[in-house]
Amino acid sequence: MDVPLSAVKKQDILSRYKLPAKVLFCKRCTMSNQRPRIQFDEAGICSACRYAEYKRKADWNEREKELVDLCDRYRKSDGSYDVLVPCSGGKDGGYVAHQLKFKYRMNPLTVTWSPNIYTEIGWTNLRNFIDSGFDNILGTPNGLVNRILMRLAFVYQGDPFQPFIYGVTNFPLRIAVQHGISLLMYGENGEVEYGGDMKNVDRPTRDITDHSQHYFSDMPPEVWLERGLTEKDLYPYLPPDPQKIHDNKTEIHFMGYYKFWDPQENFYYCIDNTNFSPNPERNEGTYSKYASIDDQLDGFHYWMGWIKFGIGRATSDSAHEIRDGKIDRDEGIGLVKRFDGEFPKKYFKQFLDHTSIDETYFWDVVESWRSDHIWRKSGNDWVLKHPIWTENEGS
Ligand SMILES: [Zn+2]
């Protein structure tokens with residue numbers, strides 16, 4: 001089984017992601033206006049920074065009461081699962097599951113969608129998490145199909161991680177329906193925490209109908225039927241029947257609405273409670289050691305964000321750490337300058353093997369996603385037209 005690739009075509013990033021043509025940086029953090037769906041206000045502050053401000057003023061005692069009420073409404077007395085927590089074994093899902101089980105006395109089923117290729121630390125963390133007191137279902141898709149999908153997503157979406165995002169989004173829903181669990185509890189709402197669609201700022205839930213736009217860039221799994229994959233191939237990536245989701249009274253809630261969300265605090269919490277370990281070395285492209293460390297190949301997801309939007313992994317990490325008050329903006333800019341865009345060379349060979357593409361084709365695909373409004377050529381090198389560290393030099 002294989003799926004032929006067509007010739008690589010130059011992509012129009014601006015219109016595809018509806019991006020502003022002029023690059024601007026938030027005055028408070030390191031994020032630019034090139035992040036899809038982020039909004040900047042008249043003062044030049046991004047929606048994620050505005051949310052961080054709002055978060056500090058929320059009444060967290062009141063929110064916790066809402067969480068207690070929610071748990072009371074969904075708690076079951078027959079020993080069956082009353083809440084489903086999607087969790088990789090990392091710090092965020094680990095915090096949510098541990099709090100729900102041991103502080104709020106719920107009976108969670110944790111559900112993991114397998115990384116493309118587990119790192120040793122990722123696998124150890126999942127096992128340690130399970131051993132700290134949780135039932136877990138690990139969903140692992142057909143490796144052959146996954147590899148083809150990854151390759152297609154890399155070529156046609158400029159993001160080899162899209163199949164993983166399908167699984168992470170849809171597999172927990174399917175398990176919830178199968179087990180008759182109505183409540184799903186996620187960690188933070190990425191759209192409001194990191195900049196995106198702000199319609200859910202004051203709501204604990206998300207609409208399943210937004211999944212395609214917010215998580216799949218309007219390319220849901222079904223689009224790959226046109227490229228030769230079958231419904232059987234795509235089944236694990238697809239959501240369950242909408243009628244079943246409805247009949248199950250399925251609701252998706254975010255812990256970040258009920259409890260003050262701080263990834264670094266989650267990290268310390270999981271070291272103490274779920275035997276979580278950080279990466280022994282920093283992740284390529286950034287300075288952090290504790291976020292997104294389960295998959296050998298996820299560096300290519302972040303790195304393609306750098307090519308498409310000029311937003312690398314250090315930009316994302318530093319932006320939220322500035323908002324969380326861990327570092328200041330100047331430190332953030334220094335970290336972006338130092339680490340953003342570092343190529344994920346450690347697992348490059350694994351990436352090429354896994355997606356069955358050669359190096360020449362790899363670079364052709366990368367170039368097809370490089371946008372003129374972000375990049376210019378300087379000698380033989382591509383450089384950013386508007387790096388954050390030159391923002392005050394005028395242009
Ligand atoms: Zn900002």
Side-chain angles (χ1 to χ4, degrees), residues 19-57 91-92 188 190-196 198 256 260-268 278-279 281-293 299 302-344 371 373-376 378 381-395:
L19 301 178
K22 187 171 164 29
V23 178
L24 291 175
F25 291 92
C26 171
K27 295 207 168 2
R28 283 200 191 151
C29 71
T30 48
M31 192 47 70
S32 80
N33 61 353
Q34 300 298 299
R35 185 182 157 95
R37 300 186 301 283
I38 202 166
Q39 295 148 36
F40 277 50
D41 64 16
E42 314 78 56
I45 313 275
C46 78
S47 45
C49 284
R50 288 297 183 202
Y51 178 72
E53 203 173 63
Y54 161 89
K55 213 168 115 174
R56 286 180 203 290
K57 291 184 202 142
K91 63 185 182 3
D92 295 332
E188 80 277 49
E191 287 294 299
V192 298
E193 287 273 348
Y194 305 124
M198 299 306 276
F260 187 87
W261 190 258
D262 185 327
Q264 201 170 56
E265 295 307 316
N266 296 349
F267 166 66
Y268 294 127
N279 218 351
E281 53 190 36
R282 72 174 176 83
N283 297 311
E284 287 170 304
T286 189
Y287 55 95
S288 73
K289 295 181 172 180
Y290 58 73
S292 198
I293 58 175
Y302 295 102
W303 192 74
M304 286 306 287
W306 162 252
I307 296 296
K308 291 199 279 192
F309 311 121
I311 297 171
R313 203 165 175 174
T315 294
S316 302
D317 284 348
S318 61
H320 83 73
E321 287 195 359
I322 293 167
R323 293 175 205 131
D324 294 344
K326 312 293 179 196
I327 58 174
D328 67 29
R329 188 168 188 269
D330 285 341
E331 285 174 277
I333 291 172
L335 291 164
V336 170
K337 191 172 180 181
R338 183 154 169 219
F339 295 113
D340 232 20
E342 179 187 21
F343 185 70
S371 184
H373 79 296
I374 303 269
W375 296 96
R376 67 180 170 83
S378 166
D381 299 325
W382 285 105
V383 293
L384 290 172
K385 277 184 175 166
H386 313 281
I388 189 169
W389 55 91
T390 60
E391 64 183 341
N392 294 324
E393 290 169 15
S395 62

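- The closest donor-acceptor contact from the side chain of Glu331 to the backbone of Asp328 lies under 3.5 Å.
- To the nearest 0.5 angstrom, Cys49 atom SG is 10.0 Å from Asp41 atom CG.
- Using modelled atom types, one finds a donor on one side chain and an acceptor on the other under 3.5 Å when comparing Asn279 with Asn283.
- Across all their heavy atoms, Gly325 and Arg56 have their closest contact at N-NH2, 4.2 Å.
- Looking at Ile333 and Thr30, their side chains come closer than 4.5 Å, going by heavy atoms from C-beta outward.
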| request: Take Glu191 and Arg37 through the salt bridge (charged side-chain N to carboxylate O under 4.0 Å, His left out) test and state the conclusion after the steps. | output: CA-CA 8 Å; Glu191 287 294 299; Arg37 300 186 301 283; 2.7 Å; yes
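- Among Phe339, Phe343, Trp375, the one residue that satisfies the ring-ring contact (aromatic ring centres under 6.0 Å, His included) test with Trp306 is Trp375.
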| task | Kindly determine whether Lys22 and Asn33 satisfy side chain to side chain contact (heavy atoms under 4.5 Å, CB included), including the steps that lead there. | result | CA-CA 8 Å; Lys22 187 171 164 29; Asn33 61 353; 5.5 Å; no
| field | Derivation and outcome, side chain to side chain contact (heavy atoms under 4.5 Å, CB included), residues Phe25 and Arg329 | value | CA-CA 11 Å; Phe25 291 92; Arg329 188 168 188 269; 4.0 Å; yes
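- Side chains of Lys55 and Asp324 form a contact here, defined as non-hydrogen atoms less than 4.5 Å apart.
- The main-chain N or O of Asn266 is never found under 3.5 Å from a side-chain atom of Asp92 such that the two would form a donor-acceptor pair.
- Proximity of Arg28 to Glu53: side-chain heavy atoms (C-beta onward) are separated by under 4.5 Å at one or more points.
- When side chains are defined from C-beta on, Ile327 counts as touching Leu335, because their heavy atoms get closer than 4.5 Å.
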| said: Determine whether Val336 and Trp389 satisfy the following criterion, side chain to side chain contact (heavy atoms under 4.5 Å, CB included), listing intermediate values before the conclusion. | reply: CA-CA 9 Å; Val336 170; Trp389 55 91; 4.2 Å; yes
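- In this structure, the side chains of Gln34 and Pro20 come closer than 4.5 Å at one or more pairs of heavy atoms.
- With values rounded to the nearest 0.5 angstrom, Thr315 atom OG1 is found 11.0 Å from Arg35 atom CZ.
- Between Ser318 and Tyr287 there is a side-chain heavy-atom pair separated by less than 4.5 Å.
- Residues satisfying the salt bridge (charged side-chain N to carboxylate O under 4.0 Å, His left out) test with Glu42, not counting sequence neighbours, are none.
- The two residues Ser378 and Val383 come nearest to each other via the heavy atoms CB-CG2, 3.8 Å.
- Contact between Cys46 and Phe40 at its shortest, heavy atoms only, is CB-CE1, 3.8 Å.
- Heavy-atom minimum distance, His373 versus Val23: O-CG2, 4.2 Å.
- Side-chain atoms of Arg313 never come within 3.5 Å of backbone atoms of Asp317 as a donor-acceptor pair (strictly under, hydrogens ignored).
- Taking Arg338 as the reference, nothing meets the salt bridge (charged side-chain N to carboxylate O under 4.0 Å, His left out) condition, with sequence neighbours excluded.
- Going from atom OH of Tyr302 over to atom CD of Glu342 covers 14.5 Å, rounded to the nearest 0.5 Å.
- Of the inter-residue distances, the one linking Arg323 atom CZ with Arg50 atom CZ reads 12.5 Å to the nearest 0.5 angstrom.
- Inter-residue side-chain proximity for Ile293 and Pro278 is flagged as unmet; no heavy-atom pair is nearer than 4.5 Å.
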| said: Under the criterion side chain to side chain contact (heavy atoms under 4.5 Å, CB included), I'd like the reasoning laid out for Met31 against Ser316: C-alpha separation, chi angles, the key distance, then a yes or no. | reply: CA-CA 7 Å; Met31 192 47 70; Ser316 302; 4.2 Å; yes
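- Open room surrounds OH on Tyr268; 12 or fewer heavy atoms of other groups in view lie less than 6.0 Å from it.
- Residue-environment remark: NZ (Lys337) stays at or below the threshold of 12 foreign heavy atoms within 6.0 Å.
- A heavy-atom distance below 4.5 Å is not found between the side chains of Ser32 and Cys26.
- Interatomic distance, Lys308 NZ to Ser371 OG, rounded to the nearest 0.5 Å: 11.0 Å.
- Asp340 places a side-chain N or O within donor-acceptor distance of the main-chain N or O of Gly312, the cut-off being under 3.5 Å.
- Tyr194 and Glu188 share a donor-acceptor pair across their side chains, judged by distance under 3.5 Å alone.
- Asp330 contributes atom CG, which lies 9.0 Å from atom CD1 of Ile322 (distance to the nearest 0.5 angstrom).
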